[in-house]
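Have a look at the structure below, then the notes.
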Amino acid sequence: MKSPGFRAYTIGYLIFLYAPIILLPMFAFNDSKVIAFPLQGFTTNWFREMWADTTLWNAVRNSAIISISVAVISTTLGLFAARASTRFRFPAKAGIMGLIMLPLVLPEMIVAMSMLVVLLAIGIELSIFTIILGHVLICTPFAVAILSSSFQSLDQSLEEAAYDLGETPLSTFWLIILPLVMPGIISSLLICFTISLDEFIIAYFLGGNETVLSVYIYGQFRFPAKVPAIMALGTILVLLSITLLAIAEYFRRRGIAKAGGKDSGGFL
Amino acid sequence: MTTNDAMIEFRDVHKYYGDYHALRGITATIRPGEFFSLLGPSGCGKTTLLRTIAGFEGISSGAVLIDGRDMADVPANKRPTNMVFQSYAIFPHLSVEENVGFGLRRDSRSKEDKAKAVIEALEMVGLKGYGKRAAHALSGGQRQRVALARALILKPKVLLLDEPLSALDKKMREQMQVELIRLQRQVGITFILVTHDQEEALVMSDRIAVMFEGEIAQLADPETLYRRPNSRKVADFIGTMNFLPASIISESAASVEIEAAGFGRIQLEPGQVMGGATAEGAAVGFRPETLTILYEGSAASDRESMATIEEVVYFGDMTYYDVRIDGSETNVRISMRNVFGRPVLDRGERARVGWSPGALVLFR
């Protein structure tokens with residue numbers, strides 16, 4: 001593993017992956033309307049311009065509503081599905097779980113197109129709500145996958161023990177199962193939030209007049225003068241993502257330590 | 001039946017999983033204050049039977065009664081039983097005292113009284129001062145004790161133990177066996193233990209039900225089970241038993257005369273005659289320690305046979321001899337305590353073997 005070729009490959013790979021992202025803050029603070037080297041000087045004007053843009057704020061508000069709703073709804077649905085698939089046996093289980101997980105591999109384009117056709121046919125107006133519908137469809141499989149692994153590592157006799165000690169099935173879920181799968185729930189919320197936040201195709205197809213962040217950013221690239229402000233926005237989004245991931249990882253590790261389990265990877 | 005002589009009563013209990021017949025007509029009574037064991041190989045239905053008492057497993061037909069009350073419509077959380085799980089099922093996100101006090105959540109007692117009960121329960125299992133520890137930081141034996149304290153704090157009528165010692169190492173297991181016996185005497189609650197370890201069952205139990213394939217093969221106290229197993233299968237499962245082919249010469253109400261390979265003609269009492277022979281036909285069974293190798297000057301034995309020593313296994317305090325008794329074609333094992341001054345015999349030596357008809361059991 002220590003061969004020089006392998007090291008060069010690793011370094012090259014990391015540069016390829018992260019160099020474009022490093023360019024974001026560089027041009028966000030660059031005092032020029034043109035995105036090109038050499039850098040011209042330091043400025044925070046682009047952040048100010050971005051901040052003053054009311055359409056941006058509208059897009060942020062829409063995205064926040066959508067992503068938070070999607071995270072909560074998908075995780076809740078995922079909780080039920082994961083619980084059912086790990087705990088109970090029922091007819092056609094494999095088929096049902098397969099259908100739930102299918103959107104994971106289904107091209108988003110197809111999901112977006114077919115939903116658009118159906119929604120228009122039954123006369124539902126395109127809005128934030130229709131975007132949420134589409135996003136829940138593609139996020140739920142991720143929630144199921146994350147939560148299933150949480151439920152699988154749960155010793156079934158813990159539930160029986162709580163039940164045996166006088167608790168009802170509901171209070172057992174509340175007192176024992178929920179705290180123990182909480183790290184999985186937090187992971188699922190954050191992953192679903194992130195997927196929904198940067199999803200473009202469904203948001204573009206099903207959004208109608210409502211613009212979300214990803215669609216807004218795409219739209220702004222048509223105006224060269226707006227590009228530096230987008231760089232500023234991108235910089236903030238990168239920082240936000242890193243913070244969210246760090247929080248998720250912190251909770252995941254704390255959860256494992258508290259449950260006395262062995263750390264077996266995770267997303268970070 | 002009054003409540004005085006039955007804490008648990010099984011009435012023709014059947015359990016099916018789809019086509020699989022897991023419990024095949026269990027009828028038995030467990031007395032109050034008894035240390036009762038369900039013993040059998042894995043898959044014999046012993047854990048399933050235990051779980052029907054706890055209420056985790058429904059039954060297909062029949063009835064399970066606890067203290068005279070039919071449990072058909074009583075869910076697990078309302079039954080007067082508590083369970084110690086094989087995995088202990090300690091709640092990993094709670095401290096030791098939160099685990100032990102978990103069952104008191106719905107109790108109307110004051111906070112102080114509950115805390116006192118937790119401390120008492122911990123003291124009872126020898127974990128005084130461990131209350132604040134995180135549950136996951138405990139060793140296997142300590143978890144076991146927490147699970148016991150947690151189950152006993154509710155003062156159940158019956159404590160159910162599902163292979164509680166199988167995860168412990170040998171030394172710890174032996175220590176916990178003694179402690180469980182002591183604890184059971186102290187609290188006076190009916191204990192029902194599931195185990196596949198016949199030695200554990202013999203050591204701990206007042207009575208044992210030996211189970212095979214969903215049925216109780218024999219229900220008896222340890223001594224009866226050991227000395228008078230009612231079938232060759234039970235005899236094989238519990239300890240070591242030698243078998244020699246035998247045939248019945250004559251039988252009357254008072255005695256049965258048989259001819260056994262190597263032993264000759266023997267008069268047996270009816271109590272020594274069991275069913276449960278294998279396809280090989282009738283056989284006499286006897287434990288290795290009921291035979292003695294006779295030395296010069298040994299006390300005389302009821303009966304004697306001559307034998308050739310085929311194998312010698314030396315254990316320090318004991319020596320196992322595999323011998324072939326003249327006139328038989330199979331080896332039998334004799335265990336002898338090693339006494340100072342008595343030589344250990346070698347392979348190929350001839351020896352006089354002493355035995356007593358009273359120690360034999362006939363399986364026909």
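Below, chain A is the first sequence line, B the second, and so on; all start at residue 1.
The shortest side-chain heavy-atom distance between A/E160 and B/R51 falls under the 4.5 Å cut-off. For the pair A/L175 and B/R105, the minimum side-chain heavy-atom distance is below 4.5 Å. With contacts defined as side-chain heavy-atom distances shorter than 4.5 Å, the pair B/N77/A/T168 qualifies. Side-chain atoms of A/S157 and B/M83, non-hydrogen and from C-beta on, never get closer than 4.5 Å to each other. Looking at B/F85 and A/L158, their side chains never come closer than 4.5 Å, going by heavy atoms from C-beta outward.
The parts of B/F102 that come within reach of chain A are both its backbone and its side chain, each placing non-hydrogen atoms under 4.5 angstrom from that chain. Contact of B/R150 with chain A is made through backbone and side chain together, with heavy-atom distances under 4.5 Å. Interface remark: B/A134 contributes no atoms to any contact with chain A (heavy atom separation under 4.5 Å). Proximity to chain A (any heavy atom under 4.5 Å) is shown, for B/F91, by both the backbone and the side chain. Only the side chain of A/D155 comes within less than 4.5 Å of a heavy atom of chain B; its backbone N, CA, C and O stay farther away.
For residues 153-169 of chain B, the interface with chain A (any heavy-atom pair closer than 4.5 Å) comprises B/L154, sorted by residue number.
Residues passing the ring-ring contact (aromatic ring centres under 6.0 Å, His included) test with B/F10: none are found, sequence neighbours excluded.
Heavy atoms from other residues, nucleotides or ligands lying under 6.0 Å from CZ of A/F80 number 12 at most. The environment of A/Y13 atom OH is sparse: at most 12 non-hydrogen atoms of other residues, nucleotides or ligands sit within 6.0 angstrom. Residue B/R182 places its CZ atom among more than 12 non-hydrogen atoms of other residues, nucleotides or ligands, all under 6.0 Å distant. Summarising the local packing, OH of A/Y18 is surrounded by 12 or fewer heavy atoms from other residues, nucleotides or ligands at distances under 6.0 Å. Surrounding CZ of A/F129 are at most 12 heavy atoms belonging to other residues, nucleotides or ligands under 6.0 Å away. The number of heavy atoms from other shown groups lying within 6.0 Å of CG (A/L14) is above 12. Within a 6.0 Å sphere centred on CD of B/E213, heavy atoms belonging to other residues, nucleotides or ligands number 12 at most.
Of all the listed residues (B/P75, B/G55, B/A147, B/A76), the one sharing the greatest number of non-hydrogen pairs under 4.5 Å with chain A is B/A76.
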Test side chain to side chain contact (heavy atoms under 4.5 Å, CB included) on B/R106 and A/S171; report intermediate values, then the result. CA-CA 11 Å; B/R106 283 158 194 272; A/S171 64; 3.2 Å; yes
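Atom NE2 in B/H93 sits 4.0 Å away from atom CD1 in A/I176 (nearest 0.5 Å).
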